[in-house]
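A quick write-up on the structure given underneath.
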Amino acid sequence: MTFLTQVLSSVVNFLAEVGYNADYARAFAYLAAGICCLAPAASCIGEGLAAMKAVEAIGRQPDASGKITVAMIIGQAVTETGALYGFIMAIMLVSK
């Protein structure tokens, strides 16, 4: 958390020294959009781990495959919403 606050304070200090410049604002918007695009990548990793654990659980208890599959799909849907929010934020930042 301290690293993030240091980075943000450095950006704020830079902008305070330079003053408002449309080019810098656009550059930081693209940088923020790139960071927002990390959300779908993290979501894919989370969904893959959920599917891996579900397959392992079905291998241990084949009788409970229906409940395990439903729980996995609900968990992956929740995980995917975070990715969609990140993608939407990236589009909003770039389109300004």
Side-chain angles (χ1 to χ4, degrees):
M1 188 67 178
T2 59
F3 174 73
L4 182 61
T5 56
Q6 288 174 349
V7 169
L8 290 176
S9 67
S10 298
V11 168
V12 169
N13 290 337
F14 173 76
L15 290 176
E17 290 175 10
V18 173
Y20 180 78
N21 187 342
D23 293 332
Y24 286 129
R26 190 79 171 157
F28 283 118
Y30 283 129
L31 181 65
I35 292 170
C36 286
C37 288
L38 294 176
S43 175
C44 290
I45 292 170
E47 289 177 11
L49 290 174
M52 176 184 70
K53 293 297 183 179
V55 169
E56 288 176 2
I58 290 172
R60 283 191 305 269
Q61 294 181 342
D63 298 337
S65 65
K67 290 182 179 181
I68 294 169
T69 303
V70 169
M72 179 193 68
I73 290 173
I74 290 171
Q76 287 184 340
V78 170
T79 306
E80 189 66 29
T81 57
L84 290 174
Y85 290 146
F87 182 66
I88 290 169
M89 288 301 297
I91 290 173
M92 289 172 59
L93 287 167
V94 171
S95 65
K96 289 244 173 197

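Keep in mind it's a predicted model, so treat the numbers as computed, not measured. Heads up: numbering here begins at 1 and tracks the sequence.
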How about CD on E56, more than 12 heavy atoms from neighbouring residues, nucleotides or ligands closer than 6.0 Å, or not?
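Yes, because the 6.0 Å sphere around CD of E56 holds more than 12 heavy atoms from other groups.
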
Which value, rounded to the nearest 0.5 Å, describes the distance between L31 atom CG and C36 atom SG?
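Atom-to-atom, L31:CG and C36:SG are 10.0 Å apart.
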
What's the spacing between I35 CD1 and F28 CZ if we round to 0.5 Å?
10.5 Å

Taking transitive links into account, so neighbours of neighbours count too, which hydrophobic residues share a cluster with [X] at under 4.5 Å side-chain distance?
| X | result |
| --- | --- |
| M72 | I73 |
| M52 | I45, L49 |
| V55 | none |

Taking distance alone, no hydrogens or angles, what donor-acceptor pairs closer than 3.5 Å link side-chain atoms of residues 9-17 to residues at least two apart or in another chain?
{"residue": "S9", "atom": "OG", "partner": "T5", "partner atom": "O", "Å": "3.2"}
{"residue": "S9", "atom": "OG", "partner": "Q6", "partner atom": "O", "Å": "2.9"}
{"residue": "S10", "atom": "OG", "partner": "Q6", "partner atom": "O", "Å": "2.9"}
{"residue": "N13", "atom": "ND2", "partner": "S9", "partner atom": "O", "Å": "3.2"}

Side chains of residues 63-70: which donor-acceptor partners sit under 3.5 Å, not counting sequence neighbours?
{"residue": "S65", "atom": "OG", "partner": "P62", "partner atom": "O", "Å": "3.4"}
{"residue": "T69", "atom": "OG1", "partner": "S65", "partner atom": "O", "Å": "2.7"}

Would you mind writing out the side-chain donor-acceptor pairs for residues 74-89 within the sub-3.5 Å range, not counting sequence neighbours?
{"residue": "Q76", "atom": "NE2", "partner": "E47", "partner atom": "O", "Å": "2.9"}
{"residue": "T79", "atom": "OG1", "partner": "G75", "partner atom": "O", "Å": "2.8"}
{"residue": "T81", "atom": "OG1", "partner": "V78", "partner atom": "O", "Å": "2.5"}

